[in-house]
Amino acid sequence: MSEPRSPITDPSREVTLPDGRVVSVAAGMSALEIAKQHELPRRGRAIAARFNGRAIDLHAALPEAGHLSLIYPEDPDALEILRHSTSHVMAQAVKELFPDTKIAQGPAIEDGFYYDFRRDEPFTDEDLEQIEQRMREIVERNLQIRRHEVAKAVAERMFEQEQEPYKLYFVREKSGPVASYYEQGGFRDFCRGPHVPSTGRLGAFKLLRTAGAYWLGSEQNEMLWRIYGTAFATEQELDAYLQQLEEARKRDHRRLGKELDLFSVQEVAGSGLVFWHPNGTIVRHEIESFLREELTRRGYVFVTTPHIARDQLFRVSGHYDYYRENMYTLRTADDEELVLKPMNCPGHVMIYDAGLRSYRDLPIRMAEYGTVYRYERSGTLAGLFRVRGFTQDDAHIFCRPDQIVEEIDGCLELVEAVFRRFGFEDFRFELSVRDPGNAEKYAGTDEEWNAAEAALVTALDRRHLTYQRYEGEAVFYGPKIDVKVVDAIGRPWQLSTVQFDFNLPRRFDIAFVDQDGQRKQPYMVHRAIYGSIERFFGILIEHFGGYFPVWLAPVQARVLPVSEKVSEYAESVLCRLQQAGLRAECDRSPDKVGAKIRNAELAKVPYMLVVGPREADSDAVSLRIHQQGDQGSVAVDAFIERARSATAERRLQP
RNA sequence: GCCAGAGUAGCUCAGUGGCAGAGCAGCUGAUUCGUAAUCAGCAGGUCGCGAGUUCGACCCUCGCCUCUGGCUCCA
């Protein structure tokens, strides 16, 4: 019988280097030592190593044979390490400046890092500056960051002595028999790592804001103070990120919504309820008309359902039990309870069920711009992105089992066709399927789920779409595909969703009569393209930065007379534009052209038509396009043709 | 809901325990002008709402409303 291999009996191991060399190294040698010995290129710049696919410290000894490579600051997975280490430096700075502070946790997150602290006073902006300053000093000190591994009990004693109750909690809850902690200049943090080898390797960082955060994210727990920051490999990347934040701020739909007079939210009326001004309403109508045309072309039918209904409807659907906290209810004079609809699905099922359906009637693609009201907690409301009253471009497809692939395919085709028209090119598809280990929590039979999941996959494959698959992420009533769309400044937004629903057909016991005369249950697919019109409108404002394409622009053209001497001609041009169906207006102010142009540019009007005596003599306009400038003289009819086609074809460019 | 910050003219924002301020927008007048701001004058306010402290509160205290950023993405 052979002994299990141990470092003593097996003092060396084979390691494959990035250049393909296979070398034998002594047990206990660290990644950095191996890199030095075998003269790996740029080893001085490396911040960590990757061993058998896992990121490890440069000082970590290799536990077994395998593949070793170095991680450089510019590598994609370096960012997480840089940010995590920067968060430790921030915690050290806070402990140095405010020794009574207790540290909780400080991970790297999507675009930066945070650290949660407990202390009596909140952090002020001045504190933040001071902390950042101290962090730079710690970087300057270039402290060694070292990993230590100790028995769990030792770690517990250590954090107990340091009076760090949150760290103690993590050691107790999360540590195996061996706990790892990191130490730099006397600052210790229970942490998995990996980290950069010394604080001097950090530098391009900035603290961004403070926030309250519940301990472990639970409202039952005390609130800690969180500091958010971000870090990058280089100052240039940090600057670029900060500039991107600035760009996003300039495009903020709340700001542009006010500047362009698109919508408002009124304090007296209540929060989360949107008032659409004339300009915003034009854009909204155009967005809706466009999709309505696309749906009509694809065989959808339109319905309209009531905003309120007896509680009974939502008891049958199950919403009354599962969705109650979000529902508004009303009580009538004769003590009847009515519910303000939070979803359109039950209404559509009502219409489906209003008659006997034959297999020949299917599929039925039933669409509605359905306005729903949902109570959302005040703290979650945000501009148009999260509101309490909103309109869904909702549709439900009722179909036979043999039609599901075709229907899903149709939904995916529609998604791309619609968003490409707005200039979105980058889509991310996410497939959520059930957790096979937890079958009892789902509505619907195995057979139904298998067919539905297969249909989603088949449709995705047929359209050659790449997608992420999420096991166990499906909601209880059916599998789904969510679609994220990336906007002009690279931000992904979850918009469309295509979901099977095995719950409602059963609850309402809807059916169709099949070829064989049997009553059978149809498949029901819930799908939305824009999702919420309000939210999508907000996204569009930010996507275009307020510069709507001609077909969406509230005012498409503004006539700018050079002086009152040509006001008669200006009015005649305006009249012809309006007769041609264009949304146009005339600047009748006594301003000079320069001012008129400036005002039109600020109002983001796509076409500016400067008219003076020269144009009046030649039945022309001098065309200026926003953000582009003077385009020269154009005959009025030619301009009208151009503007009409840009509108009719829904072109992105004026 | 909870934490922090904020709320002053239509908009963007100064300001102080003792008469409320600017720029832009608006109105009036002059200017009639060629591709991102013509000049002058006038008007504009329950300083988010409600209490309290004070001789006196926009300012200090408390409550409420609204907005903004957040509220477990490996210890």
Side-chain angles (χ1 to χ4, degrees), chain A residues 55 80 84 87-88 91 103-116 121-125 155 159 164 166-176 179-182 188-194 208-228 249 252 254-255 258-259 261 264-272 325 375-383 560-567 589-603 608-615 622-633:
Chain A
E80 190 183 333
H84 194 182
S87 96
H88 276 219
I103 55 175
Q105 59 176 338
I109 54 172
E110 202 171 318
D111 43 23
F113 62 85
Y114 67 80
Y115 213 109
D116 286 347
E121 295 295 310
F123 292 104
T124 62
D125 287 350
F159 288 108
E164 290 289 359
Y166 302 104
K167 285 293 156 195
L168 186 56
Y169 167 87
F170 281 127
V171 175
R172 288 195 171 135
E173 291 298 312
K174 305 264 179 165
S175 174
S180 62
Y181 71 90
Y182 281 77
R188 290 166 176 171
D189 196 347
F190 173 62
C191 182
R192 270 189 195 172
L208 296 173
R209 66 185 90 88
T210 58
Y214 295 106
W215 165 236
L216 300 179
S218 166
E219 292 171 33
Q220 312 306 320
N221 293 337
E222 71 266 32
M223 190 155 279
L224 306 175
W225 309 109
R226 175 170 295 181
I227 301 177
Y228 280 95
R249 202 184 62 77
D252 190 313
R254 292 167 297 206
R255 173 198 176 93
K258 201 176 272 181
E259 280 177 17
D261 196 16
S264 62
V265 177
Q266 307 283 341
E267 190 173 332
V268 277
S271 46
E325 291 129 51
Y375 172 76
E376 301 281 358
R377 298 198 304 175
S378 59
T380 64
L381 300 174
L560 311 179
V562 163
S563 80
E564 281 172 26
K565 287 178 186 160
V566 285
S567 55
S589 72
D591 287 334
K592 292 161 75 168
V593 234
K596 291 182 181 182
I597 284 169
R598 182 181 149 80
N599 290 333
E601 288 279 359
L602 291 175
M608 285 157 272
L609 310 177
V610 178
V611 298
R614 289 204 296 272
E615 285 75 24
S622 174
L623 176 63
R624 183 187 168 98
I625 292 177
H626 68 183
Q627 291 179 298
Q628 292 179 26
D630 194 356
Q631 307 289 306
S633 185

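Naming: A, B, ... by sequence-line order, numbering from 1 per chain.
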| field | Pair pattern of RNA chain B in dot-bracket, where unpaired bases get dots and | marks partners in another strand, Watson-Crick or G-U under 3.5 angstrom | value | (((((((..((((....[..)))).(((((.......))))).....(((((..]....))))))))))))....
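- Between the side chain of Q105(A) and the base of C74(B), no donor-acceptor pair of N or O atoms lies under 3.5 Å.
- E80(A) comes within 4.0 angstrom of a nucleotide base, judged by non-hydrogen atoms across all strands.
- Separation of the Y214(A) and W225(A) ring centroids does not fall under the 6.0 Å cut-off.
- Base orientation at C13(B) is anti, since its O4'-C1' glycosidic dihedral falls outside 90° of 0.
- When each of R614(A) and K258(A) is assigned the nucleotide of RNA chain B bearing its nearest heavy atom, the one mapping closer to the 5' terminus is K258(A).
- Nearest-nucleotide assignment on RNA chain B puts the 5′-proximal partner with P122(A), out of R192(A) and P122(A).
- Side-chain atoms of R624(A) and base atoms of A36(B) include a donor and an acceptor less than 3.5 Å apart.
- Judged by distance alone with a 3.5 Å cut-off, a donor-acceptor contact links the side chain of E615(A) to the base of G34(B).
- Residue R209(A) has no polar side-chain atom (N or O) positioned under 4.0 Å from OP1 or OP2 of A4(B).
- Rounded to an integer number of Å, the gap from Y228(A) OH to A4(B) C1' is 13 Å.
- Side chain of D630(A) to main chain of G632(A): a donor-acceptor pair is present (N/O by atom type, distance under 3.5 Å, no hydrogens or angles).
- For R192(A), the salt bridge (charged side-chain N to carboxylate O under 4.0 Å, His left out) criterion is met by no residue, not counting sequence neighbours.
- Residue Y114(A) places at least one side-chain N or O closer than 4.0 Å to OP1 or OP2 of C73(B).
- In this structure, K565(A) reaches the C33(B) phosphate: one of its side-chain N or O atoms is under 4.0 Å from OP1 or OP2.
- Both geometric conditions, a ring-centre gap below 5.5 Å and a plane tilt below 30°, are fulfilled for F190(A) over the base of A75(B).
- Spacing between G56(B) and G52(B) at atom P, rounded to whole Å, works out to 12 Å.
- When heavy atoms are screened at a 4.0 angstrom cut-off, G594(A) is found touching the sugar-phosphate backbone but no base atom.
- Contact annotation: R226(A) reaches the phosphate of C71(B) (side-chain N/O to OP1 or OP2, under 4.0 Å).
- In this structure, R254(A) does not reach the C67(B) phosphate: none of its side-chain N or O atoms is under 4.0 Å from OP1 or OP2.
- If you take atom P in G69(B) and the same atom in C42(B), they sit 41 Å apart, rounded to whole Å.
- The base of G1(B) lies close enough to the side chain of Y214(A) for a donor and an acceptor atom to sit less than 3.5 Å apart.
- If you check every strand for non-hydrogen atoms under 4.0 Å, W225(A) touches sugar and phosphate atoms only.
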Under 3.5 Å, which protein N or O atoms sit close to an N or O of nucleotides 62-66 of chain B? Give each pair with its distance.
{"unit_1": "C65(B)", "atom_1": "O2'", "unit_2": "E267(A)", "atom_2": "OE2", "d": "3.1"}
{"unit_1": "C65(B)", "atom_1": "O2", "unit_2": "E267(A)", "atom_2": "OE2", "d": "3.2"}

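- Nucleotides C47(B) and C39(B) place their C1' atoms 32 Å apart, quoted to the nearest Å.
- Separation of the F170(A) and F190(A) ring centroids does not fall under the 6.0 Å cut-off.
- At A75(B), one or more side-chain N or O atoms of K174(A) fall inside 4.0 Å of OP1 or OP2 (strictly under the cut-off).
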